[in-house]
Amino acid sequence: MIRLSHVSRIYHLGGTEVRALDDVSLDVENGEYLAITGPSGSGKSTLMNLLGCLDRPDQGTYELDGQDVSTLSPDELATVRGRKLGFVFQSFNLLPRVPAVEQVELPLLYQRVPDSRARALEALRAVGLGDRVDHRPNELSGGQQQRVAIARAIVSEPSFILADEPTGNLASGQKDEVMHLLEEMNRARGITLVVVTHEPEIAGRAHRVVALRDGCVVQDARAEAAR
């Protein structure tokens with residue numbers, strides 16, 4: 001479970017205090033499918049960085065599966081990320097000359113996980129790329145590259161997937177393909193799915209929509225009620 005309690009993230013720019021997040025409280029239950037929306041500058045990326053243990057709040061607490069991670073050291077945060085979190089980004093973040101199977105295997109090598117190659121192959125098969133394991137990014141479509149990124153996100157068997165604008169670089173047909181795959185991970189495996197998006201049609205697929213503006217939560221509703 002994710003629990004943010006009165007969290008603020010404050011930046012000081014040229015003597016001016018900017019509250020990228022301002023007293024945000026948010027609970028996300030295990031197995032939930034949540035979309036975070038809002039205009040540019042609303043705090044979406046800052047919130048995603050906090051949820052992903054890539055940053056820490058200046059005020060408030062962040063509990064992940066009952067552990068207060070808001071005060072952990074950088075090394076401790078890295079351990080939490082490796083064990084509990086899978087990330088999917090708009091830009092895919094694939095190494096340009098590395099085959100798909102090695103892209104997916106990389107997180108396991110950092111963690112020194114046994115049978116890393118077998119697990120990477122299994123993850124690629126799970127996203128429908130069992131016949132593309134030796135292909136490099138320039139040999140794959142945008143949708144296929146994003147599926148490699150999803151395989152890399154799930155190979156460590158995380159409890160949570162954080163997807164930051166996962167369809168931003170994709171054509172319409174590929175968007176549906178990628179979202180269906182993420183939703184299947186949520187539905188079939190029970191992985192908690194948090195998607196940051198500025199696209200209403202993507203947000204509308206989620207079970208719950210949280211909208212931000214000026215660093216504050218201005219809406220938190222089931223998707224049906226939010227339409």
Side-chain angles (χ1 to χ4, degrees), residues 1-2 28-34 48-49 51-54 62-67 69 72-164 166-167 169-170 174 177-196:
M1 179 178 177
I2 289 170
V28 183
E29 299 290 341
N30 289 335
E32 197 164 5
Y33 175 13
L34 172 73
M48 183 62 88
N49 286 339
L51 293 177
C53 296
L54 298 168
Y62 171 25
E63 294 181 20
L64 183 64
D65 274 348
Q67 180 182 20
V69 298
L72 296 182
S73 70
D75 286 346
E76 290 169 330
L77 287 174
T79 299
V80 171
R81 286 196 301 271
R83 290 178 179 172
K84 293 183 179 291
L85 301 170
F87 297 89
V88 181
F89 300 100
Q90 177 177 346
S91 58
F92 313 145
N93 289 357
L94 301 179
L95 301 172
R97 290 179 290 277
V98 176
V101 66
E102 294 181 24
Q103 308 264 7
V104 176
E105 187 180 18
L106 197 57
L108 302 181
L109 295 177
Y110 285 140
Q111 298 174 49
R112 298 192 174 116
V113 174
D115 301 322
S116 59
R117 179 57 56 91
R119 286 180 56 174
L121 291 169
E122 180 183 354
L124 283 167
R125 286 193 291 270
V127 300
L129 290 178
D131 59 345
R132 297 288 190 273
V133 299
D134 294 320
H135 286 58
R136 291 166 174 78
N138 66 351
E139 300 170 321
L140 300 169
S141 70
Q144 289 171 332
Q145 290 183 59
Q146 192 62 296
R147 281 196 273 162
V148 172
I150 292 171
R152 183 182 56 196
I154 66 171
V155 73
S156 299
E157 299 179 353
S159 303
F160 306 89
I161 290 179
L162 305 178
D164 193 357
T167 61
N169 284 338
L170 301 177
Q174 294 173 339
E177 166 192 313
V178 165
M179 290 308 302
H180 178 76
L181 183 55
L182 287 170
E183 289 159 1
E184 183 63 19
M185 298 298 164
N186 168 255
R187 182 169 49 249
R189 301 191 181 202
I191 297 174
T192 305
L193 176 59
V194 179
V195 177
V196 166

Sidechain-backbone polar pair: [X] side chain, [Y] backbone, donor-acceptor under 3.5 Å:
X      : Y      : answer
Arg152 : Pro107 : no
Gln90  : Thr167 : no
Arg119 : Val155 : yes
Asp65  : Met1   : yes
Gln103 : Leu95  : yes
Gln146 : Pro166 : yes
Gln67  : Leu64  : no
Arg136 : Pro99  : no
Asp164 : Phe89  : no

**Request:** Calculate, to the nearest 0.5 Å, the distance between atoms CG and CZ belonging to Leu182 and Arg187 respectively.
**Result:**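 Answer for the CG-CZ pair, Leu182 versus Arg187, is 11.0 Å.
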
**Prompt:** Rounded to the nearest 0.5 Å, how far does CZ of Phe160 lie from CD of Glu32?
**Reply:**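 Between atom CD of Glu32 and atom CZ of Phe160 there are 10.5 Å.
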
Using a 4.5 Å cut-off on heavy atoms from C-beta on, say whether the side chain of [Y] contacts that of [X].
X      : Y      : answer
Leu108 : Ser156 : yes
Leu162 : Met48  : yes
Val194 : Tyr33  : no
Val80  : Leu72  : yes
Val195 : Leu34  : no
Phe92  : Leu170 : yes
Met185 : Leu193 : no
Thr192 : Asn186 : no

**Message:** For Arg83, I'd like to know if atom CZ has over 12 heavy atoms of other residues, nucleotides or ligands within 6.0 Å.
**Reply:**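 12 or below, so no.
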
**Item:** Asp115, CG atom: more than 12 neighbouring heavy atoms under 6.0 Å
**Value:** no

Shortest non-hydrogen contact between [X] and [Y], atoms and distance:
X      : Y      : value
Gly52  : Phe87  : O-CZ, 3.3 Å
Tyr62  : Cys53  : CE2-SG, 4.2 Å
Ala153 : Val88  : CB-CG2, 3.8 Å
Val148 : Ala100 : CG2-CB, 4.0 Å
Arg132 : Gln144 : NE-NE2, 3.7 Å
Val178 : Gly143 : CG2-O, 4.2 Å

**Asked** Is there a donor in the side chain of Ser91 and an acceptor in the side chain of Asn93, or the other way round, less than 3.5 Å apart?
**Response** yes

**Request:** Compute whether any side-chain donor of one residue and acceptor of the other, for Thr79 and Glu76, lie under 3.5 angstrom apart.
**Result:**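 No, Glu76 and Thr79 have no side-chain donor paired with an acceptor closer than 3.5 Å.
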
**Asked** Pick one: which of Leu129, Val104, Val133 meets side-chain contact (heavy atoms from CB on, under 4.5 Å) with Leu121?
**Response** Val133

**Check ion pair Arg189-Glu157 (N to O, under 4.0 angstrom)** =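 Looking at Glu157 together with Arg189, the answer is no, because their closest N to O distance does not fall below 4.0 Å.
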
**Request:** Please assess Glu122 against Arg125 for the test salt bridge (Lys or Arg N to Asp or Glu O under 4.0 Å), listing each intermediate value before the final yes or no.
**Result:** CA-CA 5 Å; Glu122 180 183 354; Arg125 286 193 291 270; 5.7 Å; no

**Asked** Of Glu105, Gln111, Glu102, which is the lone residue that meets side chain to side chain donor-acceptor pair (under 3.5 Å) with Ser116?
**Response** Glu105

